[in-house]
J.: 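Sharing a structure with you now.
Values in this document were obtained by computation on a predicted structure and should not be read as measured data. First listed ligand is number 1; within each ligand, the first listed atom is number 1. As a basis for the values below, the full set of heavy atoms in this structure was taken, side chains included, without hydrogen atoms, waters or symmetry mates.
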Amino acid sequence: MAELQDILDQIAAEMATRADRGKVADYIPQLARIDPKQFGIAVALPDGSVLSAGDAGTPFSIQSISKVFTLAIALGRLGDQLWRRVGREPSGNPFNSIVQLEQEHGRPRNPFINAGAIAVTDAILEGYEPKEILGELLRFIRLAANDTDIHINKAVAQSEAATGDRNFALAHFMRGFGNLRNSPERALGTYFHQCAVEMTCVQLARAGMFLTNAPGQPRLISVERVRRICAMMMMCGHYDASGDFAFKVGLPGKSGVGGGILMIAPGRASIALWSPGLNARGNSQLGTDAAEILARGTGWSVFSGRH
Ligand code: GLN
């Protein structure tokens with residue numbers, strides 16, 4: 001796989017030269033302090049190896065990438081009942097938009113926009129304590145990554161709670177429509193902590209392997225659920241830029257405002273990219289560019305016809 005390592009090295013070298021690196025999320029004060037000069041990429045392969053380049057060993061806040069893991073847990077717990085609470089269509093709106101929520105009577109469009117993810121966390125919280133749910137999430141991620149050194153950064157969670165007015169608005173709105181069973185404080189307290197999980201690109205790439213359906217991987221969820229989660233990632237994983245990501249990259253992906261992207265090449269690889277500066281749509285600017293170069297270099301787009 002020397003060739004793949006060359007591609008990663010070239011991508012990291014090119015990203016190091018980029019002057020326009022986007023803007024670090026500043027609505028979460030703890031994230032505003034992160035140095036935008038960083039870039040990392042890691043690719044996990046079915047044989048257990050992980051290739052990487054750049055700052056792939058630096059932990060970052062996974063933020064909305066956590067929504068993939070909570071969706072997997074929620075589908076395991078509730079099965080198709082979950083879709084009563086949340087839809088599965090692209091929203092065409094920013095991740096924290098409230099507009100559709102009113103028009104659609106408090107049922108969020110999909111599990112990856114904030115409202116949808118809050119509803120998913122609320123659903124798995126029923127009958128449990130926030131601590132138990134966060135423990136289950138960490139166990140799931142650590143098992144998937146085969147790495148116990150993965151933690152929640154409480155300062156990031158608290159920082160977001162202190163400035164989380166928009167998420168509180170979404171949660172109250174849903175509760176007003178009967179689509180939130182816990183109090184907004186309880187649901188969001190859990191949600192902010194799940195978003196504050198920190199991982200390196202290497203850990204995240206490993207953790208995504210269960211979504212590749214590649215032979216020999218730990219079967220954390222069924223083959224069918226993997227297929228469905230990847231479909232959601234392709235359609236909704238980059239919010240109102242999901243169409244553009246599918247157009248340019250052609251792989252299911254999920255971004256977070258920490259600047260991370262988890263991307264799946266079904267049957268082949270799990271890829272993590274990270275650069276903290278965001279583009280206008282709230283997705284990693286260099287991460288998105290690097291994903292496009294990687295997809296072109298490897299021919300891994302699911303639409304390439306190569307298998
Ligand atoms: N914790 C962030 C929020 O709710 C997650 C958003 C994101 O990563 N896009 O605003």
Side-chain angles (χ1 to χ4, degrees), residues 22-34 36 59-71 86 90-101 108-122 130 133-134 137 141 152-174 180 184-199 204 232-233 235-242 244-245 253-263 272-285 287-288:
K23 205 169 157 291
V24 174
D26 56 6
Y27 75 100
I28 302 175
Q30 285 285 327
L31 295 186
R33 310 178 351 180
I34 309 288
F60 62 90
S61 196
I62 68 167
Q63 291 295 318
S64 284
I65 301 170
S66 66
K67 297 169 182 176
V68 175
F69 301 109
T70 48
L71 177 61
V86 59
S91 72
N93 278 315
F95 65 89
N96 54 8
S97 172
I98 201 167
V99 176
Q100 258 166 4
L101 207 49
R109 268 287 169 101
N110 68 65
F112 292 154
I113 51 172
N114 282 11
I118 295 164
V120 167
T121 297
D122 179 68
I133 295 305
L134 293 169
L137 174 67
I141 294 177
I152 291 173
N153 184 328
K154 295 213 172 81
V156 171
Q158 278 152 15
S159 167
E160 183 168 10
T163 55
D165 297 314
R166 289 188 72 138
N167 283 320
F168 275 102
L170 295 171
H172 279 283
F173 216 76
M174 284 193 287
L180 199 81
E185 288 69 24
R186 196 174 141 94
L188 285 178
T190 313
Y191 169 81
F192 293 144
H193 280 82
Q194 85 180 44
C195 289
V197 169
E198 289 190 341
M199 295 170 85
L204 183 59
M232 304 291 313
M233 290 169 77
M235 299 303 294
C236 317
H238 282 74
Y239 314 112
D240 48 341
S242 299
D244 208 44
F245 195 83
K254 181 74 209 82
S255 72
V257 288
I261 297 174
L262 171 64
M263 188 162 90
L273 303 118
W274 171 60
S275 185
L278 307 179
N279 60 25
R281 303 273 181 67
N283 301 311
S284 175
Q285 176 148 319
T288 307

J.: Is there side-chain contact between Arg281 and Tyr239, with heavy atoms separated by less than 4.5 Å?
T.: no
J.: Under 4.0 Å from a heavy atom of Asn167: give me the atoms of ligand 1 that qualify, with their elements.
T.: 3 (C), 4 (O), 10 (O)
J.: Heavy atom under 4.0 Å from ligand 1: found in Phe192's side chain, backbone, both, or neither?
T.: neither
J.: Using only heavy-atom distances, determine whether the side chains of Ser64 and Lys67 contain a donor-acceptor pair under 3.5 Å.
T.: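 Looking only at side-chain atoms, Lys67 and Ser64 do form a donor-acceptor pair, the distance falling under 3.5 Å.
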J.: Has Asn96 got any heavy atom lying under 4.0 angstrom from an atom of ligand 1?
T.: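 No, Asn96 has no heavy atom closer than 4.0 Å to ligand 1.
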J.: Would you call the rings of His238 and Phe245 parallel, tilted or perpendicular, taking 30° and 60° as the class edges?
T.: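 It falls in the parallel class, under 30°.
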J.: Looking at non-hydrogen atoms alone, which of Pro94, Ser61, Ser64, Ala196 comes nearest to atom 6 (C) of ligand 1?
T.: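 It is Ser64 that holds the nearest heavy atom.
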J.: Which bit of Ile65 is near ligand 1, meaning a heavy atom under 4.0 Å away: side chain, backbone, both or neither?
T.: neither
J.: Measure the distance from atom 4 (O) of ligand 1 to every protein heavy atom, then report the residue, atom name and distance (to 0.1 Å) of the closest one.
T.: Tyr191 OH, 2.7 Å
J.: Considering all heavy atoms of both residues, which atom of His193 and which atom of Ile152 are nearest to each other, and what is their separation?
T.: O-CG2, 3.5 Å
J.: So which bit of Glu160 gets within less than 4.0 Å of ligand 1, heavy atoms only: side chain, backbone, both or neither?
T.: side chain
J.: Taking C-beta and beyond as the side chain, do Phe60 and Glu198 meet within less than 4.5 Å on heavy atoms?
T.: no
J.: Which residue is it: Asp244, Ile261, Leu278? I am looking for the one with a side-chain contact (heavy atoms from CB on, under 4.5 Å) to Thr288.
T.: Ile261
J.: Gly256 heavy atoms, cut-off 4.0 Å: which ligand 1 atoms fall inside?
T.: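 Ligand 1 atoms under the 4.0 Å threshold to Gly256: 8 (O).
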J.: I'd like to check whether Tyr239 has a polar contact with ligand 1, where a contact means an N/O of the residue lying under 3.5 Å from an N/O of the ligand.
T.: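 Yes, there is a polar N/O contact under 3.5 Å.
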J.: Under 4.0 Å from any heavy atom of Cys195, which atoms of ligand 1 are there?
T.: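 Those qualifying, in numeric order: 1 (N).
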J.: Pairs of nitrogen or oxygen atoms closer than 3.5 Å, one from Ile28 and one from ligand 1: do any exist?
T.: no
J.: Looking at every non-hydrogen atom in both residues, tell me the closest pair between Thr190 and Pro130 and how far apart they are.
T.: OG1-CB, 3.4 Å
J.: Give the residue and atom name of whichever protein heavy atom lies nearest to atom 10 (O) of ligand 1, and the separation in Å to one decimal.
T.: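 Ranked first by proximity to atom 10 (O) of ligand 1 is Tyr27 OH, 2.4 Å.
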J.: For ligand 1, which part of Asn114 has a heavy atom less than 4.0 Å away: the side chain, the backbone, both, or neither?
T.: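 Side chain only.
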J.: Determine whether the side chains of Ser275 and Gln285 contain a donor N or O and an acceptor N or O closer than 3.5 Å.
T.: no
J.: What I want to check is whether the side chains of Asn96 and Asn114 have a donor and an acceptor closer together than 3.5 Å.
T.: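 No pair is found: no donor N or O on one side chain lies under 3.5 Å from an acceptor on the other.
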J.: Around atom 1 (N) of ligand 1, find the nearest protein heavy atom and jot down its residue, atom name and distance.
T.: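 Closest protein heavy atom to atom 1 (N) of ligand 1: Gln63 OE1, 2.5 Å.
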